[in-house]
Amino acid sequence: MEIVFSALDENTARFQLEGCTTSFANSLRRAMIGEVQTLAIEQVKIYDNTSALFDEMLAHRLGLIPIRSDGINLVPCSRCTCEGTGCAGCSVIFTMSVEGPGMVYSRDLISQDPGIVPADPAIPIVKLVRDQKVVLEARAVVSSGREHAKWQPTTACGYKLYPVITISGQCDGCGQCVDQCPRDILEIRDGMVATREGKLEDCSLCRLCERACMNTGIGDEPAIVVTTDDTRFLFVVEGDGSLAFRQIIGQALEYIRTQSDELSAQVQEIAGEIRDE
């Protein structure tokens, strides 16, 4: 298996996964969405709220704010020695005290740990008019997207099979398929249709080119055929800022490896019991 990146920055990535099955590609996608651990606000104590939002709506908005989790050493509450009551080893406390008029932003959440802050300081929470105020304390804990969407580190995570475009010798270069391609992937070269250099991965597999070719009546089969390579996948992943992409894919691959090791150990144990019988 091989991973080749074509674009990579702090929050987005585009890469090609080669030499694996569709099942593994989907496992990687699901692991990046649901098995990577991040921080999110779970409990909110509201001491004063005279804004236009009900307490429940305000708490819900706070919970959906991505919190930068790079390099944290917190553990999930279920594995902490405090047994979920809340301590510095499994949670971070944020406080907020804001009075109107003005917009309340995510930067108004003051963390007890300067290294753990909202991923984007300019997320609007609620607008306050004169004499309105919000005073609260929020507790952020570690969990994963399997528990709730607010712990998902990705805002978009998907893949498609690698496109393969084959052009036969019966192509007469009429150009109708070129005109129909919505992503400008095809061109006329040396009297025949060809794919533009560096554009093949943009193919959406719509197969409009095949239909256009058939409409010319050149035969029973189109001169251009769009298929896929079942061992190559194109991934596009966007993060919410809570984790750098390198950490997202690293944690996802580590989760798959751990699950595979556990499954292998259990299978060997069952096989040993069967032999002993």
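The structure displayed is predicted, hence computed values, not measured ones. Values below: every heavy atom of this structure, side chains too, minus hydrogens, waters and symmetry copies.
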**Study point:** Lys199, NZ atom: more than 12 neighbouring heavy atoms under 6.0 Å
**Key:** yes

Review point. Would Ile3 and Ile249 satisfy side-chain contact (heavy atoms from CB on, under 4.5 Å), going step by step from the backbone distance to the final call?
Key: CA-CA 11 Å; Ile3 297 178; Ile249 192 171; 4.0 Å; yes

Practice item. Heavy atoms only: give me the nearest Ala40-Gly63 pair and the separation to one decimal. Key: CB-O, 4.0 Å

Check your understanding: According to a 4.5 Å side-chain heavy-atom criterion applied to Ile, Leu, Val, Met, Phe, Trp and Tyr, with indirect links allowed, do Leu28 and Tyr159 form part of one hydrophobic cluster?
Key -> yes

Exercise for review: Using the salt bridge (Lys or Arg N to Asp or Glu O under 4.0 Å) rule, take Arg146 and Glu35 through it: C-alpha gap first, then chi angles, then the decisive distance, then the call.
Suggested key: CA-CA 6 Å; Arg146 178 191 287 243; Glu35 304 299 344; 2.5 Å; yes

Exercise for review: Flag the pair Leu62 / Phe94 as yes when at least one side-chain heavy-atom distance between them is below 4.5 Å, and no otherwise.
Suggested key: no

Exercise for review: Output yes when a side-chain donor or acceptor of Thr95 lies under 3.5 Å from a complementary backbone atom of Glu137, and no otherwise.
Suggested key: no

Review point. Which atoms form the tightest heavy-atom contact between Gln152 and Gly145, and what is the distance?
Key: CG-CA, 3.7 Å

Review point. CE of Met192 to SG of Cys174: how many Å apart, nearest 0.5 Å?
Key: 11.5 Å

Exercise for review: Starting from the C-alpha separation in whole Å, work towards a yes-or-no answer on side-chain contact (heavy atoms from CB on, under 4.5 Å) for Arg61 and Leu53.
Suggested key: CA-CA 10 Å; Arg61 288 196 175 191; Leu53 293 183; 3.9 Å; yes

**Study point:** Thr258 (side chain) donor-acceptor with Glu254 (main chain) under 3.5 angstrom
**Key:** yes

Exercise for review: Please round to the nearest 0.5 Å and tell me the distance separating atom CG of Leu200 and atom OG1 of Thr195.
Suggested key: 5.5 Å

Exercise for review: Begin from the C-alpha positions of Cys209 and Leu186 and carry the test side-chain contact (heavy atoms from CB on, under 4.5 Å) through to its verdict.
Suggested key: CA-CA 9 Å; Cys209 54; Leu186 305 174; 3.9 Å; yes

Point to revise | Same cluster (ILVMFWY, side-chain, under 4.5 Å), Val104 and Met57 | key: yes

Revision key, fill the gap. Arg211 and Cys206 have their tightest heavy-atom pair at NH2-O, 4.3 Å

**Study point:** Side chains of Asp120 and Pro66 in contact at under 4.5 Å (non-hydrogen atoms)
**Key:** no

Check your understanding: Would you say Thr12 and Val237 make side-chain contact, with heavy atoms under 4.5 Å?
Key -> no

Practice item. Taking atom types as modelled, find out whether Gln16 and Arg232 have a side-chain donor-acceptor pair closer than 3.5 angstrom. Key: yes

Check your understanding: Minimum heavy-atom separation for Phe235 to Ala25, with atom names?
Key -> CZ-O, 3.4 Å

Point to revise | Working for side-chain contact (heavy atoms from CB on, under 4.5 Å), residues Gln170 and Asp172 | key: CA-CA 6 Å; Gln170 63 178 337; Asp172 59 4; over 6 Å; no

Review point. Heavy atoms, side chains only, cut-off 4.5 Å: are Asn26 and Arg29 in contact?
Key: yes

Check your understanding: CD1 of Ile125 to CG of Leu109: how many Å apart, nearest 0.5 Å?
Key -> 5.0 Å

Practice item. Could you walk me through whether Asp202 and Arg183 pass the salt bridge (Lys or Arg N to Asp or Glu O under 4.0 Å) test, one step at a time? Key: CA-CA 7 Å; Asp202 293 337; Arg183 298 195 173 183; 5.8 Å; no

**Study point:** Spacing of CG belonging to Asp230 relative to OH belonging to Tyr162, to within rounding of 0.5 Å
**Key:** 14.5 Å

Exercise for review: Kindly say whether Val226 contributes a backbone atom to a donor-acceptor pair with the side chain of Glu210 at under 3.5 angstrom?
Suggested key: yes

Practice item. Mind jotting down which residue pairs meet the salt bridge (Lys or Arg N to Asp or Glu O under 4.0 Å) criterion with at least one end in residues 90-101? Sequence neighbours excluded, please. Key: none

**Study point:** Straight-line distance of Thr38 OG1 to Ile248 CD1, nearest 0.5 Å
**Key:** 9.0 Å

Point to revise | Thr21 side chain vs Phe24 backbone, donor-acceptor pair below 3.5 Å | key: yes

Point to revise | Cluster check Trp151, Val36: I/L/V/M/F/W/Y, side chain < 4.5 angstrom | key: no

Check your understanding: Are any non-hydrogen side-chain atoms of Val98 and Leu128 less than 4.5 angstrom apart?
Key -> yes

Point to revise | Lys160 atom NZ: more than 12 heavy-atom contacts under 6.0 Å | key: yes

Exercise for review: Measure the spacing between CZ of Arg14 and CG of Asp9 and express it to the nearest 0.5 Å.
Suggested key: 13.5 Å

Practice item. Determine the interplanar angle of the Phe15 and Phe245 rings, folded into 0 to 90°, and report it as parallel if under 30°, tilted if 30 to 60°, perpendicular if over 60°. Key: tilted

**Study point:** Atom of Ile116, atom of Arg68 and distance for their closest heavy-atom approach
**Key:** CG2-O, 3.9 Å

Review point. Are Phe233 and Leu8 linked, directly or through other ILVMFWY residues, by side chains that come within less than 4.5 angstrom of each other?
Key: yes

**Study point:** Non-hydrogen side-chain atoms of Gln112 and Val92 separated by less than 4.5 Å
**Key:** yes

Practice item. Decide whether Ile41 and Ile123 are clustered together by the hydrophobic rule: side chain heavy atoms of Ile, Leu, Val, Met, Phe, Trp, Tyr closer than 4.5 Å, transitively. Key: yes

Point to revise | For Ser51, side-chain hydrogen bond (donor to acceptor under 3.5 Å, both in side chains) partners two or more places apart | key: Asn49

Check your understanding: Under a 4.5 Å cut-off applied to non-hydrogen side-chain atoms, are Val134 and Met96 in contact?
Key -> yes

Practice item. Could you verify whether a donor N or O on one side chain and an acceptor N or O on the other, from Asp240 and Ser242, lie under 3.5 Å apart? Key: yes

Review point. Which pair of heavy atoms, one from Leu243 and one from Gln37, lies closest together, and at what distance?
Key: CD1-O, 3.8 Å

Practice item. Could you tell me whether Glu262 atom CD has more than 12 heavy atoms of other residues or ligands within 6.0 Å of it? Key: yes

Practice item. Find out whether Thr228 and Leu205 are in side-chain contact, i.e. whether some heavy atom of one side chain is under 4.5 Å from a heavy atom of the other. Key: yes

Exercise for review: Step through the shown structure and confirm whether more than 12 heavy atoms of other residues, nucleotides or ligands are within 6.0 Å of CZ on Arg196.
Suggested key: yes

Check your understanding: Is there a donor-acceptor pair under 3.5 Å between the side chain of Ser106 and the backbone N or O of Pro121?
Key -> yes

